[in-house]
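Contents: one structure, followed by commentary.
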Amino acid sequence: MEKEIKPHYQNLIIGFGKGGKTLAAWLAARGETVAMVEKSEKMYGGACINIACIPTKSLIKNAEKQIPYQKAFTIKNDLTSTLRKINFRALEQLPFATVISGEASFVSENEVQVKLGAIGDIVKIHADRIFINTGSRPYLPPIDGLRASARIFTSTALLEQSALEKDIAIIGGGFIGLEFADMYAKFGAKVTIFESGDTFLSKEDCDVAELIYEILTAKGIHILTGVSVEKVEDINDKKVKLRYKNKANDCKSLEVTAILVATGRMPNTAGLNLTAAGIKTGERGFIMVDDELKTSVPNIWAIGDCNGGPQFTFISLDDFRLIRDQLSGGSYTSVKQRRQFASSVFTTPQLAHIGIREKEAKERGYDYKVAKLPITSIPRAKINGETQGFLKAVVDLKTNKILGCTLICNDANEMINTVQVAMNAEQDYQIIRDAVFTHPSMTEAFNDLYALV
Ligand SMILES: Cc1cc2nc3c(=O)[nH]c(=O)nc-3n(C[C@H](O)[C@H](O)[C@H](O)COP(=O)(O)OP(=O)(O)OC[C@H]3O[C@@H](n4cnc5c(N)ncnc54)[C@H](O)[C@@H]3O)c2cc1C
């Protein structure tokens, strides 16, 4: 049962994303009134819980455990629906917070109108401060026939399929494309990746990209690079054909049962009527913000994916921290103060990275040393029977500081946080080399890795 909607709140948050919901709870706990407007009841808690991080990692984990897709799908749905309810209740039970189900758009810089749920009634709400946290959605490239095809899926749509697509093409070899490729292969599907870039994982060092390529292709994943998908045509209601040009510019085609489009994400800003408030947008509709995440209008901030920053749940959360400190006189107020953060790709094994890579250290003229340790030398990995990969560290020999670290192994996404803490504490690499870690653990391998510097 939702609470009564009032005409005025001190704070109005548009979108139930990570930063917005954390901010809402924090403001309400301080005794300020907060309205949280979320357009879909299926999105309480935001993208992470419902259509992104959590459902994908649940499916990935269960694929690793060789649980059949349909069972994994049910487990994933049970998990997301539980989290959705917890997220709704966590806010709604706060006396100063109100969750409003409806789609918000600006009327002026202090007023928003909300089209309520299925009924479509309009309510207008004034607020002293407004925070836009509307997230992003998949970008569909202008490929002939793509939008018209019934066999095209975004990551959101694919996560809703109760049956496994058995022969899938993935357009885009970025993080999302690779996670789905690896997950689908683990569930037993045939997977082909279409990457327009000439090299696979072009940002990574060659040894990293090569090993991930080997790992994926060994699972039967077919990776095409330097290809351009020209046309998509449905053959029938179960089959679709991709026409593409390969590196040599030859015309080729492939028939599959489904296509996942993983070619980047666009901000959810089109329906917000931002001009009514005078809020400026930039490239592809992302909201322009200053270093304090303030929009071109002083009482309006933009949080998370919609402000054009790095698209991660933990960045949306960190956006909250910046605003929290601005509103409470704290010292962490500008994105310029943001420290190093890591990224992870949840393939099996995972790829995690922080800082700069070997090739960047070389380009920038550092006096550096690279240390590399195979996963086969780690006792914990042997116990787990998960010995693929390596740990790679780049260290500045002049300062002894860690410049970067790349890990290919299971639990890489956990391990990289240890390196992050050392880097952000501006510790020398010896702090990890000589740290007394638990045994047998994956983390203790850092003793050996950094001893190689
Ligand atoms: C498949 C996939 C996997 C990912 N995996 C990871 C991962 O492992 N780790 C990680 O850190 N990040 C991951 N990400 C990225 C991460 O999910 C996003 O960066 C993050 O969820 C963005 O959160 P946000 O706070 O910007 O808003 P969101 O969580 O996107 O929330 C925005 C909310 O606003 C609502 N909304 C939109 N317009 C309106 C409107 N007009 N009125 C009212 N409500 C509105 C939406 O319904 C939505 O609920 C993944 C993304 C995808 C797609």
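First listed ligand is number 1; within each ligand, the first listed atom is number 1. The figures that follow rest on heavy atoms only: side chains count, while hydrogens, waters and symmetry mates do not.
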Test item: Asp205 side-chain N/O and Glu358 main-chain N/O as donor-acceptor pair under 3.5 Å: yes
Under-4.0 Å heavy-atom contact with ligand 1, by part of Ser40 that carries it: neither
Ser344-Gln350 side chain donor-acceptor pair, cut-off 3.5 Å: no
Heavy atom of Glu179, distance to ligand 1 below 4.0 Å: no
Residues Tyr332 and Asp318: side-chain donor-acceptor under 3.5 angstrom: yes
Flag for Lys186-Thr348: side-chain donor and acceptor within less than 3.5 Å: yes
Residues Glu204 and Lys359 bridged, charged N to O under 4.0 Å: no
Gly271 to ligand 1, any heavy atom closer than 4.0 Å: no
Atom 7 (C) of ligand 1: the protein heavy-atom neighbour that sits closest, reported with distance to 0.1 Å: Cys53 SG, 3.5 Å
Atom 24 (P) of ligand 1 - nearest protein heavy atom and its distance: Asn133 ND2, 3.5 Å
Under 4.0 Å to a heavy atom of Ile14 - the qualifying atoms of ligand 1, by number: 40 (C), 42 (N), 43 (C)
4.0 Å heavy-atom contact, Gly102 with ligand 1: yes
